[in-house]
Amino acid sequence: APGSAQPSSGAGGAPESEGPGRDTALLRHLLLKLRATGPVTVAEYMREALTNPGQGYYTRRGGIGESGDFITSPEITQVFGELIGIWFVSEWIAMGKPKAFQLVELGPGRGTLTDDMLRVFYQLASLLSKCDVSIHLVEVSPKLSEIQALRLTGGKVQSNSEDNSAYMKGVSKTGIPISWYRDIRDVPPGYSFYLAHEFFDALPIHKFQRTEKGWREVLVDIDPQVPDQLRFVLSPSRTPATEIFIQPEETRDHVEVCPEAGVIIQRLASRIEEDGGAALVADYGHDGTKTDTFRGFRDHKLHDVLTAPGTADLTADVDFSYLRKMAQGRTATLGPVKQREFLKNMGIDVRLQVLLQNSHDTATHKQLLHSYDMLMNPERMGDCFNFFALLPHQRLVHPDTKHKQESKSPLPPVAGFSELLMK
Ligand code: SAH
């Protein structure tokens, strides 16, 4: 981790005040809180560990990339962001080329995905020249927003703590305005494309366990046997969350629910219903079938979720069946489809061939083939990552089939979920 340059003293060494040691400032804060007011939900623990304003993982570390704690697809190859940029342009065309759109990214990390998409928009300038494009980034981490600003604008940004919507503004290297917000509710209304890549898995989950006495919520408490160590306990009785989130027909014995993801999906769906646009969600996840997926990553290795909070990324699989349920009615949904299927439909093979033909050294060739394998191989990211979309109903079904309109032309298929039609 950058910042804490203390040499590691090896196993059993004195606890360090920050970074690699077990005893972190955030752990001390949590111990005080637990001693004073008793156990907290896993959601509250996860929220503190990731986004505590002073000590959260994303707030002060956010180690995405090869030198960090975990690697994401946009950090592996530019092709990923380019194909996603093409997805939005293709939807923009399918929806009749509206005069303006906002591209809203939730949790943009190092800004790599946006940067790659902006390059596509720039290359398609003749197509987009009459369209008023703006970028809106929703990011809670001051540290990552700084990295994004540097990447996208070269660091030329104005901070504005007075403005209670956008806390920072700038212009991309290609001349497109960019604004930063802490909350999706602060993004101005208007025709928008939303993107969330590895965002929903970072939102806090509640965990529930079936017992002989019925459902109990999993809580985090102090371990009475080991000083300064946390442990999981079960709530002594049903909690309010148990009543709300466990369906009577549930068959699993262990369930994770992310209410915050549900709230954000509802917001996206009503914005799309009111102002038009689409949302693309990409993440690892399941369709309401998995049980215990809560885990931590530090330095590209699995890390115990209760050890040294604030120093590791904590994550849980996204339940796409829950997202679909939260959107339904307001918008149509597509997917989830596997990443390798989505990227194949978007033309990743053609793109790879072009890049291979244009590069002449073996090192680049190797690198291109390696990154393709990372994204597409079912054993790597190809199968566990999924794409899921929210679209206005009229994008999939003609609004009034009653008044047989002159245009009986079928609606163009949605790229990625079926093959991209090159024109
Ligand atoms: N999309 C990027 C980064 C994924 S990491 C990529 O694929 O590489 C998760 C991102 O979400 C980080 O930028 C993190 O700071 C941000 N984040 C986490 N919780 C958030 C919240 N509640 N609101 C807004 N952003 C959040």
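FYI, side chains are in, hydrogens and waters are out, and symmetry mates aren't considered; it's all heavy atoms of this structure. In listed order, ligands and their atoms are each counted from 1.
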S.K.: Ring pair (Phe, Tyr, Trp, His ring centres under 6.0 Å) with Phe101: which of Phe88, Phe193, Tyr191?
M.R.: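 Output: one option passes, namely Phe193.
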
S.K.: Is the distance between the ring centroids of Phe70 and Phe297 under 6.0 Å?
M.R.: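 No: the rings miss the under 6.0 Å criterion.
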
S.K.: Roughly how far, to the nearest 0.5 Å, is CZ of Arg35 from CD1 of Ile222?
M.R.: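 With rounding to 0.5 Å, CD1 (Ile222) is 4.5 Å from CZ (Arg35).
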
S.K.: So if I only count non-hydrogen atoms and take anything under 4.0 Å from ligand 1, which residues does that give, chain by chain?
M.R.: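 Lining ligand 1 at under 4.0 Å, by heavy atoms, one finds Thr51, Tyr58, Ile64, Thr72, Pro74, Glu105, Gly107, Pro108, Gly109, Val138, Glu139, Val140, Ser141, Leu144, His197, Glu198, Phe199, Leu203.
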
S.K.: Please say which of Glu139, Gln148, His136 ends up in a side chain to side chain donor-acceptor pair (under 3.5 Å) with Trp180.
M.R.: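 By the side chain to side chain donor-acceptor pair (under 3.5 Å) criterion, Trp180 pairs with just one of Glu139, Gln148, His136: Gln148.
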
S.K.: What about Phe417 and Phe342, are their ring centers closer than 6.0 Å?
M.R.: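 Yes, the ring centres sit under 6.0 Å apart.
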
S.K.: Check Asp317 with Arg295, please: is the shortest side-chain N to carboxylate O separation under 4.0 Å?
M.R.: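 Looking at Arg295 and Asp317, the cut-off is met.
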
